[in-house]
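Below is one structure, written out as structure tokens; the observations come after it.
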Amino acid sequence: MSNANDCGAPPKHGAVCWNELNVRDVERAKKFYSQTLGWDFEGVPMEGFTYWIISSQGARVGGMFEMKGPELAGVPEHWLTYIGVDDVDARLEKAKAAGAIICKDALEIPGVGRMAVLQQPGGAFVAWMTPKPPSA
């Protein structure tokens, strides 16, 4: 995970730190972005699926997730922006108090950090993540 403007720096609270493409056909998306932007893709086995790391000119710039399952049936393909936060659980409580809807409760992603997805008042979706400390 990195800040969009400094891919080697640890994420800062409140800064965009990752972008994720959520698709139904991974191979089609890989072909499109490889042909149009020259991106490379590295598959990372996860429990029950493969997560794809997107690289541009050797730098990690995002990830790709294949949307499967009935809970995602009506969700269109989309990009999801991740914002780094200091404490995702505490920030979710503030978000709820400010009118957000929690779409995916905070969960631990092994080796990465703790993340959640919410819908802000007005309708936009965003992910918040507290990254795992580099030494952990």
Side-chain angles (χ1 to χ4, degrees):
M1 200 167 89
S2 64
N3 289 314
N5 61 349
D6 183 359
C7 289
K12 298 178 182 102
H13 173 75
V16 171
C17 60
W18 195 246
N19 284 292
E20 183 176 80
L21 178 57
N22 294 263
V23 299
R24 302 214 179 279
D25 186 337
V26 167
E27 293 306 315
R28 179 180 60 202
K30 285 169 49 181
K31 181 178 178 183
F32 173 79
Y33 284 105
S34 177
Q35 289 177 347
T36 59
L37 299 178
W39 284 357
D40 295 308
F41 301 88
E42 174 189 351
V44 178
M46 304 292 275
E47 190 174 321
F49 68 98
T50 299
Y51 188 81
W52 294 91
I53 302 295
I54 302 168
S55 295
S56 178
Q57 301 176 9
R60 289 180 168 197
V61 296
M64 184 168 42
F65 174 79
E66 185 173 14
M67 296 189 298
K68 290 183 178 178
E71 71 279 6
L72 297 170
V75 178
E77 292 189 358
H78 62 278
W79 281 95
L80 181 62
T81 299
Y82 283 69
I83 298 174
V85 296
D86 53 2
D87 180 341
V88 71
D89 295 286
R91 296 291 170 175
L92 284 178
E93 291 305 314
K94 289 185 176 207
K96 284 191 269 188
I101 298 168
I102 308 308
C103 303
K104 180 180 278 189
D105 284 323
L107 63 114
E108 196 72 29
I109 300 173
V112 176
R114 194 159 171 76
M115 63 85 60
V117 178
L118 59 125
Q119 184 179 22
Q120 69 184 44
F125 293 89
V126 65
W128 287 356
M129 175 172 278
T130 301
K132 181 177 179 181
S135 60

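The shown structure was predicted, so the numbers you read here are calculated from the model rather than taken from an experiment. Counting from 1, the numbers follow the sequence of the chain as shown.
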Evaluate the side-chain proximity of [Y] to [X]: yes if any heavy-atom separation is below 4.5 Å, no if none is.
{"X": "Glu42", "Y": "Ile54", "answer": "no"}
{"X": "Met64", "Y": "Phe41", "answer": "yes"}
{"X": "Val117", "Y": "Val126", "answer": "no"}

Would you name the heavy atoms of [X] and [Y] that are closest together and state the gap between them?
{"X": "Leu92", "Y": "Ala116", "result": "CD1-CB, 3.5 Å"}
{"X": "Thr130", "Y": "Asp86", "result": "CG2-O, 3.5 Å"}
{"X": "Pro131", "Y": "Val85", "result": "CD-O, 4.2 Å"}
{"X": "Pro121", "Y": "Ala98", "result": "CG-O, 3.5 Å"}
{"X": "Glu77", "Y": "Asp25", "result": "OE2-N, 3.8 Å"}
{"X": "Thr36", "Y": "Phe32", "result": "OG1-O, 2.7 Å"}

Quick check for you: to the nearest 0.5 Å, what is the distance between [X] atom [atom1] and [Y] atom [atom2]?
{"X": "Met67", "Y": "Leu21", "atom1": "CE", "atom2": "CG", "result": "8.5 Å"}
{"X": "Phe125", "Y": "Cys103", "atom1": "CZ", "atom2": "SG", "result": "5.0 Å"}
{"X": "Arg114", "Y": "Trp128", "atom1": "CZ", "atom2": "CH2", "result": "14.5 Å"}
{"X": "Glu20", "Y": "Ile53", "atom1": "CD", "atom2": "CD1", "result": "9.0 Å"}
{"X": "Met115", "Y": "Glu108", "atom1": "CE", "atom2": "CD", "result": "11.5 Å"}
{"X": "Gln119", "Y": "Lys104", "atom1": "CD", "atom2": "NZ", "result": "15.0 Å"}

For the residue pair Tyr33 and Trp39, categorise the inter-ring angle as parallel (less than 30°), tilted (30 to 60°) or perpendicular (more than 60°). parallel
Quick one: do the Thr81 and Asn19 side chains pair a donor with an acceptor below 3.5 Å? yes
With no hydrogens and no angle check, do the side chains of Tyr51 and Glu66 hold a donor and an acceptor under 3.5 Å apart? no
Mind running side-chain contact (heavy atoms from CB on, under 4.5 Å) on Thr50 and Trp52 for me, showing each step along the way? CA-CA 6 Å; Thr50 299; Trp52 294 91; 3.7 Å; yes
Taking a hydrophobic cluster as the set of Ile, Leu, Val, Met, Phe, Trp and Tyr residues connected by side-chain heavy atoms closer than 4.5 Å, whether directly or through intermediates, do Ile101 and Ile83 fall within one such cluster? no
Got more than 12 heavy atoms from elsewhere within 6.0 Å of CD, Gln57? no
Chi angles and distances behind the side-chain contact (heavy atoms from CB on, under 4.5 Å) call for Arg28, Val26: CA-CA 5 Å; Arg28 179 180 60 202; Val26 167; over 6 Å; no
